[in-house]
Amino acid sequence: MVSIVLVSIAIVFVLTYFKKWGWLWREWITTVDHKKIGIMYIIAALAMLFRGGVDALLMRTQLTLPGMEFLDSQHYNEIFTTHGTIMIIFMAMPFLIGLMNYIVPLQIGARDVAFPFLNALSFWSFAFGAMIFNLSFVIGGSPDAGWTSYTPMAGAALNPGPAQNYYLIGLQVAGIGTLATGINFMVTILKMRAPGMNMMRLPIFTWSTFITSFIIVFAFPILTVALALMTIDRIFGSHFFTLTGEGMPMMWANLFWLWGHPEVYIVILPAFGIFSEVISTFARKQLFGYKAMVYSMVVIAGLSFIVWVHHFFTMGAGGGVNSFFSITTMLIAVPTGVKIFNWLGTMYKGRIRFDTPMLWSLAFIPCFVIGGVTGVMLAMAAADYQYHNTYFLVAHFHYVLIAGTVFGCFAGLTFWYPKMFGHKMNEKLGKISFWLFVIGFNVCFFPMYFLGFAGMPRRTYTIEPEWMPLNVTASIGAVLMAIGFAVFVYNIYYSFRYSKRETHGDTWDGRALEWATTTPVPFYNFATVPKVEGPEAYWILKEKGGTTYEKDKVEPIHMPSDSGIPFIMMAFMFVASFGLIWEWMWMAIPGIIGVLVCMVIRSFDYDDGFYVSVKEIKRIEEKAREGEQ
Amino acid sequence: MKNILRVKRWAILPAFTLLLLVSGCAELTVLDPKGPVGESQKELIVFSIILMLLIVAVVFIAFTYMIVKYRERPGRDEKDYDPDHHGNTKLEIVWTVIPLIIVTALSIPTVTTIYELEEPPESSSDKDPLVVYATAADWKWFFSYPEEGIETVNYLHIPTDRAVEFRLSSADSMASIWIPALGGQKYNMAGMENTLYLQADEEGTYQGRNSNYNGSGFAEQTFEVHAESEEDFESWAEEVQNEAPQLTQEEYDSLLTPGLLEEMEFSSTHLDYVDHGTNEGRDYLIERHKGAFEEPLHLKGGRGVEDE
């Protein structure tokens, strides 16, 4: 709490001291450029990773020895609740959406996303949603019902006060943005591809984004409704999930996981896309089984909607239901296995370079396989009665989510870093942070499988003496991971200061169109949009000596104007949310009116952008391409 | 040099696993069950572990082969570099079909075991199961023995070699009864009743707990299970019937107040006043203790705090 206040004060001070407020407003807050929005997503996600990681360290400290009095039970409960929520909703998803934002339009040869204004709105709804959620630690108490917030425990009767409202409203506000992002990318990928790029020529990361967008569009409305129902329960006294009246508490668990299971694939499929890009680039080969990779993602997306009951096999639903959901869950292993072997196939007859992004991607394979096979074990309902709610489960989902999503984020960030910031991340520091993190990760989570077998339940704030050795091991691993992360962050600073600047747009000898523009990328992305003649568009372009700057074909480019409305609108939303959390209608109602007024203003806004002149384009391109030839 | 290090790292992992297995084996309760339910779950678990280790081995070997053989190194000839190689339908079919076979191999015993666990264990089918109502409340357990007319709080006595039919419900938030040494868990929910069959074949004292997080007293919501011979069990039940006080409704209502309780026993059950597993009984506690959840417990330090 103190740290949040101090950091906020420090940021305000630095900005004022260097007179950067105007710059911040003009260049970042009002921007509708997908690249800047992507970078803001990633910065916010890294901050949340830090926050969630500190939560994790606090928990590991408490669990290291039996009888620890470092955190009391209530405090511990609040911390694991925010750890889970932040890592999934405010870290994993935004990180990947940030990478999508930056890369997808470049990969399909577009100048922006389909709805740039909506994109900015999405980002600010996520940012303010995260702010609302984090505020809970400072004012009024943190939610303590777990990231799943099962009713009736999370209902007003058993959990009074504003804490749980923070969870509901924070997620709701951020969720609106995610849903909009899903729609935005669906339309972008369908409608804005460069000429010649048919669906089976899409880079694999774009494919994964496309499928993820579908999952978002189908899954997020469920969360929106469920959160709204519980909010109405808590604030206005209805009986959707209560024990009194005619409420159905288990309905929450169903709705939550009907969204929550697809959510898992929302954060894993884009990471699969990243690994595919990275492995094929650094093995210097085409992706093995492109079509199988695409179809397997489609199958995974489909299956993700019919497995949710595996989160509560122990509900007593009976043999038929549990058998059905056991089998559908295990089936997910098949397309996932296909992907694993295809990645191995991609390396076959390749020439593998071990740069940092490749190391993250390689480490993913064995770690994720461990997480995957234990997932199959969990899917066997009869055995799951013994694993359910234990550290076996905790180990499993950290193995898939860290090895999948977090390694994927690190791989993606280091891979596309030169494109984003004009310099590589330092290789030596990158490797140090990689080894610390990966070794720490295994030391931390592998023992947890055995803790599950030893009978240790999840979410307990205290351990029995017989669980101590394995818990000590896990805590050591957690510290290693923390050091690894710290080195990673230091690397960002170090590289900013000392790394050699990129003079060429194609840092890694890449294969998709994002490498075809200059570094740094001009705000209009491509001076002339290339014709796509096959999968791996840039690879073909390079072989033919083509370019995305054909001097005599340059035409004026139409670009959208910046707008302050997304930020202002979501600031009003923030005010409304805060009012709702405290059940202060005098504050909530004006906030909502503010949001509506912003919508009205926007709907009468006839400014549909501006044209960049040919002269201006030529000036920018000549300057950017000086170093290349 | 770098690559040598890399190989070493993957050699370390199995060694590390082995070490853990050896050092931890004695305490792995789930893999050392004391009754037929836990036994059949253990068999399923061990079967899946063996199959899964097989898959892990295949992937790890293939992975190591790829990164060692196809790494870029000085003096590597161009012969085995094929940048345009992009697939092999036969291989892809193989690695789709084999996982399908594995999934089938896992599904069959899973489904049969799922159905098996819905019934009392075979080995004691000659005796009627002992019925125990297990009711969770924040943060304690009530065990009612309707046939014996007794009730215990936070501990259980059960006879060996006889199935116990737990009728599960909760007075407020959702809980999950779990006795790892005897077998897997099921949810306790207010307003409905779940059935869970467990059985102990060995005498002894086992740990039981709520494993589904339900608020600030969650970690302390544990109980002990004393499994003993039929005769010992009966004499214990008789003793409770004769010596323990009656559980009046007033007393029961006050026990329901959110908080921790010590072990207790009574010579009548709360089922006379309310069955939380029915629709009528599900708001019983909330009606009586409306404002009582405002102050969360701030437990410190773990086991034994209820004795202070």
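To find a chain, count down the sequence lines: A is the first, B the second, and so on, and within it residues start at 1.
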Contact part of L44(B) toward chain A, heavy-atom cut-off under 4.5 Å: side chain, backbone, both or neither?
both
Chain A contact via M189(B) - side chain, backbone, both or neither, heavy atoms under 4.5 Å
side chain
Strictly under 6.0 Å, is that where the ring centroids of H75(A) and Y461(A) end up?
no
Who wins among L100(B), I55(B), V58(B) for the most heavy-atom pairs under 4.5 Å with chain A?
L100(B)
Honestly, the part of W178(B) sitting under 4.5 Å from a heavy atom of chain A is side chain
Within the 6.0 Å centroid threshold, strictly below: F453(A) and F392(A)
yes
So Y449(A) and F446(A), would you call those rings parallel, tilted or perpendicular, with 30° and 60° as cut-offs?
perpendicular
With a 3.5 Å cut-off and no angle check, do the side chains of T281(A) and D509(A) form a donor-acceptor pair?
no
Is it the side chain or the backbone of F288(A) that comes within 4.5 Å of chain B heavy atoms, both, or neither?
both
Non-hydrogen atoms of chain B under 4.5 Å away: do they reach the side chain of T390(A), the backbone, both or neither?
side chain
At a 4.5 Å cut-off on heavy atoms, which part of Y213(B) comes close to chain A: side chain, backbone, both, or neither?
both
To the nearest 0.5 Å, what is the distance between CZ (F63(B)) and CZ (F341(A))?
13.0 Å
Bottom line for L158(A): the part with an atom under 4.5 Å from chain B's heavy atoms is both
Side chain from CB out, backbone as N, CA, C, O: work out which of these in T244(A) comes under 4.5 Å of a heavy atom of chain B, or both, or neither.
both
Proximity breakdown for E464(A) and chain B, heavy-atom pairs closer than 4.5 Å
side chain
Tell me, for D172(B) versus chain A, whether the close heavy atoms (under 4.5 Å) come from the side chain, the backbone, both or neither.
both
Honestly, the part of E119(B) sitting under 4.5 Å from a heavy atom of chain A is neither
Please classify the contact of F218(B) with chain A as side chain, backbone, both or neither, using a heavy-atom distance under 4.5 Å.
side chain
What about F80(A) and Y76(A), are their ring centers closer than 6.0 Å?
yes
Honestly, the part of E287(B) sitting under 4.5 Å from a heavy atom of chain A is side chain
Given heavy-atom pairs under 4.5 angstrom as the criterion, report whether the side chain, backbone, both or neither of P249(A) touches chain B.
side chain
Do you know which of G184(B), G191(B), S176(B) has the most heavy-atom pairs with chain A at a distance under 4.5 angstrom?
G184(B)
Picking from K290(B), M174(B), R209(B), E118(B), which has the most non-hydrogen pairs under 4.5 angstrom with chain A?
R209(B)
Sort M68(A) into side chain, backbone, both or neither according to what part of it lies under 4.5 angstrom from a heavy atom of chain B.
backbone
side-chain contact (heavy atoms from CB on, under 4.5 Å) involving A136(B) - partner list, sequence neighbours excluded
W141(B), S170(B), A175(B), N188(B), Q221(B)
Using a strict 4.0 Å threshold on nitrogen-to-oxygen distance, state whether E72(B) and R76(B) make a salt bridge.
no
Between I286(B) and chain A, with a heavy-atom cut-off of 4.5 Å, which part of the residue counts as in contact: side chain, backbone, both or neither?
side chain
